[in-house]
Structures are given as structure tokens and as C-alpha cells.
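Chain letters run A, B, ... following the sequence lines, proteins first, then strands; residues in each count from 1.
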Number of protein chains: 2
Amino acid sequence: MDKPLSGAEITRVTLIESAIGLFAERGYDAVSTRDIADLAAANIGSIAYHFGGKPGLRLACAQHVIGNIAATVGPAFLRPLPPLTPDQALEMIERMMGVFTNFWMVSEGSQSFVNFILREMLVKGEVSELFYSAWMKPMHKRFCELFGIATGRDPASHEVKIAVFSFIGQVFHFRVGQPLIMRRLEWDELGEREAEHIVNGLVKNTRAIVLAYRLQD
Amino acid sequence: MDKPLSGAEITRVTLIESAIGLFAERGYDAVSTRDIADLAAANIGSIAYHFGGKPGLRLACAQHVIGNIAATVGPAFLRPLPPLTPDQALEMIERMMGVFTNFWMVSEGSQSFVNFILREMLVKGEVSELFYSAWMKPMHKRFCELFGIATGRDPASHEVKIAVFSFIGQVFHFRVGQPLIMRRLEWDELGEREAEHIVNGLVKNTRAIVLAYRLQD
DNA sequence: GTCTATAAACAGATAGAC
DNA sequence: GTCTATCTGTTTATAGAC
């Protein structure tokens with residue numbers, strides 16, 4: 001990793017990063033290839049050369065985002081789970097919710113990534129397919145495993161899957177509804193301090209849900 | 001209401017409804033005024049005549065959606081709250097979550113409305129502003145009041161506001177992540193029966209969260 | 001009010017010089 | 001690989017007949 005890039009690779013990556021920023025901000029259809037090339041200080045022809053066209057660039061953006069996410073938070077979802085007590089599993093759920101919330105809400109560098117993903121999720125297509133299989137599904141699966149251990153229930157059951165979707169959904173909404181949330185809470189910015197409030201609230205909710213599902217034995 | 005519409009009004013409404021359907025499906029920027037006029041069996045010129053242009057039509061769509069929502073679920077959010085015991089407030093929260101979930105997830109007619117809103121929420125602008133002030137904010141406020149009564153906490157406090165955002169967010173995610181959810185749950189369609197499973201899960205979570213916040217006195 | 005024809009700007013793709 | 005010039009189709013907006 002971090003090996004020096006050739007000129008062509010620099011152009012390629014710059015185009016991708018510029019495109020992600022613009023797609024995140026305005027949406028795929030509202031961005032022209034000219035805008036992308038200008039921002040990347042490249043020429044329009046380079047998009048056809050490197051990606052075959054605008055749809056190719058879109059897919060390359062998705063792969064770039066997936067790759068980055070997989071490298072940072074992926075291992076936590078794919079590494080096999082050690083044996084855990086119910087309380088340890090609960091603790092791990094809370095910790096993962098904290099990490100996920102921070103990534104999704106505040107982490108500076110991932111701002112564009114997150115908005116890009118959010119927009120693509122509303123579109124049925126190759127890109128959202130990729131996000132689901134490479135990122136959402138493993139995450140959901142891992143939470144289900146942990147939820148199963150923490151509550152004593154079957155991690156493959158509908159009730160567990162639905163409960164996990166619910167508390168993952170909490171986090172999403174804090175992103176989509178961010179404008180309203182900031183106004184309602186009278187926040188001018190969303191920094192570390194504000195994120196901590198949100199994380200605390202979400203962790204508390206998550207704990208409450210887990211405990212409500214826990215079977216006494 | 002339901003008074004006979006003049007010819008011009010029919011054209012106007014048909015254009016709006018066609019536009020909402022297409023905007024919901026593909027997004028504002030991916031839809032051309034020609035497509036809208038064709039679907040509405042009108043001509044391109046009529047969009048300029050009735051709405052001034054494409055942005056005017058977008059706003060008219062937003063107002064149409066807001067108007068419909070306000071007429072159906074609005075009163076429940078604006079009507080002053082009668083005196084309630086904590087348990088009655090909890091029961092009302094659960095009932096409202098059920099109604100909201102049904103509207104947001106399955107209700108046939110509102111499918112386009114919901115997708116239209118979802119897409120517009122990601123865009124900063126006049127339209128999302130309208131949704132926030134006319135729909136999301138009153139709903140959030142009402143849930144906070146009920147949550148305050150149900151838990152004995154200050155409905156204007158940050159912790160209550162955040163908790164309410166959380167469980168509203170659960171519902172949103174079931175919409176955005178619908179493709180993944182249906183695959184993970186091995187559902188082929190999302191009908192009454194499936195919605196009931198989801199509503200039951202959400203109500204259970206909501207109850208758990210409320211009880212976790214309830215102050216003993 | 002409705003509809004058609006057309007204008008002016010813009011899109012993505014491409015051919016070919018360097 | 002890069003960049004420019006250009007092609008072809010499509011976009012929204014508009015002028016004017018009916």
C-alpha cells in the first residue's frame with residue numbers, strides 16, 4: 001500500500017475522488033462529466049479513457065468507497081466471533097454501535113462517502129447491490145450473531161433480524177434527518193461533543209432493546 | 001372538497017401526480033419535462049404555463065404531498081393533547097408508531113409520496129425545508145410530548161429529543177433498506193402480513209426504550 | 001388554455017493530434 | 001495517456017398559432 005502512483009493512476013484516482021464529492025453533494029444525475037473533469041483538473045476525454053463513460057465512473061466510485069470502508073471497518077464484521085457471554089456480546093454491540101455512529105455521523109473524511117452511499121441506496125442497480133452485499137449484509141449478520149448471543153435467541157430468526165434492522169436504522173436517520181435534528185437540538189455544528197450525546201442515547205436505546213429481548217433461563 | 005375540477009385544474013393535478021410518480025422512481029434530475037408531459041398526456045408547454053418551469057413543478061409536487069399528509073395524519077400531531085397518565089402516553093406512542101410505520105412502509109397510495117419525500121430529504125432546499133417544518137417537526141414534537149409524559153422527563157430536553165429521533169429513525173430505515181431487508185428476511189413481497197411483523201418489532205423496541213427512560217417516583 | 005415548432009444551452013461520447 | 005474539437009442527441013424554455 002501507499003506505493004507511489006504513476007501519472008495515469010493519479011488521474012484515475014483524482015477523477016474518482018472528485019466524482020464522489022460531486023455525486024455526494026448533488027446526486028449522480030445532476031452532475032455532468034465536465035464538472036467532474038474540471039474539479040479533477042483533467043479533461044473530459046479522460047473519463048471515457050479510464051472508465052469507459054459516466055456509468056463506469058459511477059461504479060468505480062462505488063468500488064472505491066467499498067474498498068475504503070472494507071479496509072477500515074470491514075475486519076470487525078468478518079473476523080470470526082470468539083466465544084462470548086451474553087453480557088460480553090451486549091458490550092460488543094454497544095461498542096460497535098458507537099463506532100458505526102461515529103463513522104456515519106461525524107468522521108470528517110467519510111462525509112462524502114456516506115452521502116454517496118445514502119444517495120445510491122435509493123437507486124436499484126449495480127451500485128446499491130454492491131453496497132448491500134459487501135457492507136450492509138455482513139454488518140447486519142454480525143449484529144444478529146451478537147444479538148443472538150446477548151439475548152439467547154436464534155440469530156437467524158425474523159424477530160432478531162428485525163430488531164437489528166431497527167437499531168441500525170436509528171443511526172441512519174441521524175444522518176438523513178441531520179438538518180432537522182440540528183435545528184431541533186439548537187446545534188450549530190455537529191462535532192465530537194454533539195456526536196457523543198447521540199452515541200450515548202443510541203447505546204442506551206440499544207441496551208434497552210437487547211434487555212427487552214433477553215430470555216431468562 | 002371533492003368539487004368538480006375544471007379542465008385546467010385537471011391538467012394541473014395530472015401533471016403533479018405524474019411528476020411525483022416519476023420523481024419518486026428516478027429522482028428529480030433524472031426525469032425530463034417531456035416524460036412528465038407524456039405520462040400526464042399533456043404537452044410540454046403546459047408545465048411552463050401552470051408552474052413556470054420544472055422547479056415550479058417540483059415545489060407544487062411537494063405542496064401536494066404535504067397537503068395530503070397533513071389532511072390524513074396531520075390532525076393527530078396538531079390537536080392539543082388531553083391529560084394522560086404515563087401508561088396512556090406510552091400506549092399512544094405505540095399506536096402512533098404503528099400508524100406511521102404502516103403509512104411509511106406499505107400503504108399503497110402513498111408509495112410514491114414516501115419515495116418522493118425520501119429523495120427530497122437528501123437535498124438542501126425549499127422542498128426539504130417544507131417537509132421539515134410542515135411534517136417532521138410537528139411529528140417529532142408530538143412524540144416528545146408523549147415521551148415526556150410516559151417517562152416523567154422534560155419533553156424539551158436533549159435526551160428526550162434524541163431518543164425520539166432514534167425511534168422515528170427505525171421506521172425510516174425499513175424503507176430505505178427495503179431491498180436488503182426483504183432479501184435478508186426471505187420475503188418476496190411487503191404486504192400487510194409482513195408489515196405486521198415489522199410493526200410488532202418496532203412497537204416492542206419503542207416500549208423497551210420508553211421503559212428504560214422512565215423515572216421511578 | 002392547449003398545443004406545436006423551434007431556439008439556445010447542454011449532455012455524453014468520440015476521433016484524432018500530440 | 002492527455003487533451004482539444006466536434007458530433008449527435010437531449011434538455012428546458014419560449015414564441016406564436018389555434
Side-chain angles (χ1 to χ4, degrees), chain A residues 3-64 116 119-120 122-127, chain B residues 3-64 116 119-120 123 125-127:
Chain A
K3 63 171 182 287
L5 298 172
S6 73
E9 277 164 345
I10 290 174
T11 304
R12 212 190 116 88
V13 171
T14 312
L15 279 169
I16 289 175
E17 286 172 350
S18 303
I20 290 173
L22 291 173
F23 290 159
E25 199 184 338
R26 304 185 217 156
Y28 177 79
D29 293 296
V31 176
S32 72
T33 50
R34 282 179 168 80
D35 291 337
I36 299 167
D38 284 354
L39 183 62
N43 58 80
I44 326 126
S46 60
I47 291 174
Y49 177 78
H50 285 285
F51 309 101
K54 201 187 177 188
L57 175 54
R58 179 189 213 159
L59 194 60
C61 288
Q63 286 161 341
H64 188 256
F116 176 79
R119 283 205 133 95
E120 290 290 349
L122 294 183
V123 183
K124 281 194 238 286
E126 204 175 349
V127 173
Chain B
K3 62 170 182 288
L5 297 174
S6 74
E9 276 163 345
I10 290 174
T11 304
R12 212 189 115 88
V13 171
T14 312
L15 279 170
I16 288 174
E17 286 173 348
S18 304
I20 290 172
L22 291 173
F23 290 158
E25 198 184 338
R26 304 184 216 156
Y28 176 79
D29 293 295
V31 175
S32 73
T33 50
R34 270 168 230 277
D35 292 338
I36 298 167
D38 285 355
L39 183 62
N43 58 81
I44 328 122
S46 60
I47 291 174
Y49 177 78
H50 284 285
F51 310 101
K54 200 186 178 190
L57 175 53
R58 179 189 214 160
L59 193 60
C61 288
Q63 285 160 342
H64 188 256
F116 177 79
R119 283 207 134 95
E120 290 290 348
V123 183
E126 204 174 350
V127 173

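- Summarising the geometry, the separation between CG on A:Leu57 and C1' on C:dG12 is reported as 12 Å, rounded to the nearest angstrom.
- For residues 27-50 of chain B, every residue pair satisfying the ring pair (Phe, Tyr, Trp, His ring centres under 6.0 Å) rule, not counting sequence neighbours, is listed here: B:Phe23-B:Tyr28.
- Distance A:Ile36 CD1 to C:dG12 P: 8 Å, rounded to the nearest Å.
- Partners of B:Ala62 according to the side chain to side chain contact (heavy atoms under 4.5 Å, CB included) rule, which considers only residues two or more places apart in sequence or in another chain, are B:Phe116, B:Val127, B:Leu130, B:Phe131.
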Would you tabulate the pairs of protein nitrogen or oxygen atoms and nucleotide nitrogen or oxygen atoms of nucleotides 2-6 of chain C closer than 3.5 angstrom?
| residue | atom | partner | partner atom | Å |
| --- | --- | --- | --- | --- |
| C:dT2 | OP1 | B:Thr11 | OG1 | 2.8 |
| C:dT2 | OP2 | B:His50 | NE2 | 3.0 |
| C:dC3 | OP2 | B:Asn43 | ND2 | 3.0 |
| C:dC3 | O5' | B:Asn43 | ND2 | 3.3 |

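- With sequence neighbours excluded, the residues that form a side chain to side chain contact (heavy atoms under 4.5 Å, CB included) with A:Glu126 are A:Leu59.
- Atom CZ in B:Arg58 sits roughly 16 Å away from atom C1' in D:dT11 (whole-Å rounding).
- In secondary-structure terms, DNA chain C builds stems of at least 3 consecutive Watson-Crick or G-U pairs, each pair having both distances under 3.5 Å, at C:1-10 with D:9-18, C:12-18 with D:1-7.
- Contact check of residues 12-20 of chain B against DNA chain D (heavy atom, cut-off under 4.0 Å) returns no residues at all.
- For A:Leu22 and C:dG12, the CG to P distance is 12 Å, given to the nearest whole Å.
- Take B:Arg58 and apply the salt bridge (Lys or Arg N to Asp or Glu O under 4.0 Å) test, not counting sequence neighbours, and it matches B:Glu120.
- Rounding to the nearest 0.5 angstrom, the gap separating the OG1 atom in A:Thr33 from the CG atom in A:Leu22 is 11.5 Å.
- For residues 44-54 of chain A, the set of pairs meeting the salt bridge (Lys or Arg N to Asp or Glu O under 4.0 Å) definition, not counting sequence neighbours, is empty.
- A:Ile16 approaches A:Ala60 most closely through the heavy-atom pair CD1-CB, 4.0 Å.
- Rounding to the nearest 0.5 Å gives a distance of 13.0 Å between OG1 of B:Thr14 and CD1 of B:Ile36.
- Contacts between residues 23-32 of chain A and DNA chain D, counted as heavy-atom distances below 4.0 Å, involve no residue at all.
- Nucleotide D:dT11 holds its P atom 7 Å from the CG atom of B:Asp35, rounded to whole Å.
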Side-chain donor-acceptor distances from residues 37-47 of chain B under 3.5 Å, at least two apart:
| residue | atom | partner | partner atom | Å |
| --- | --- | --- | --- | --- |
| B:Asn43 | OD1 | B:Gly45 | N | 3.1 |
| B:Asn43 | OD1 | B:Ser46 | N | 3.0 |
| B:Ser46 | OG | B:Asn43 | O | 2.5 |

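- Applying the salt bridge (Lys or Arg N to Asp or Glu O under 4.0 Å) definition to pairs two or more places apart or across chains, those involving residues 19-37 of chain A are A:Arg26-A:Asp35.
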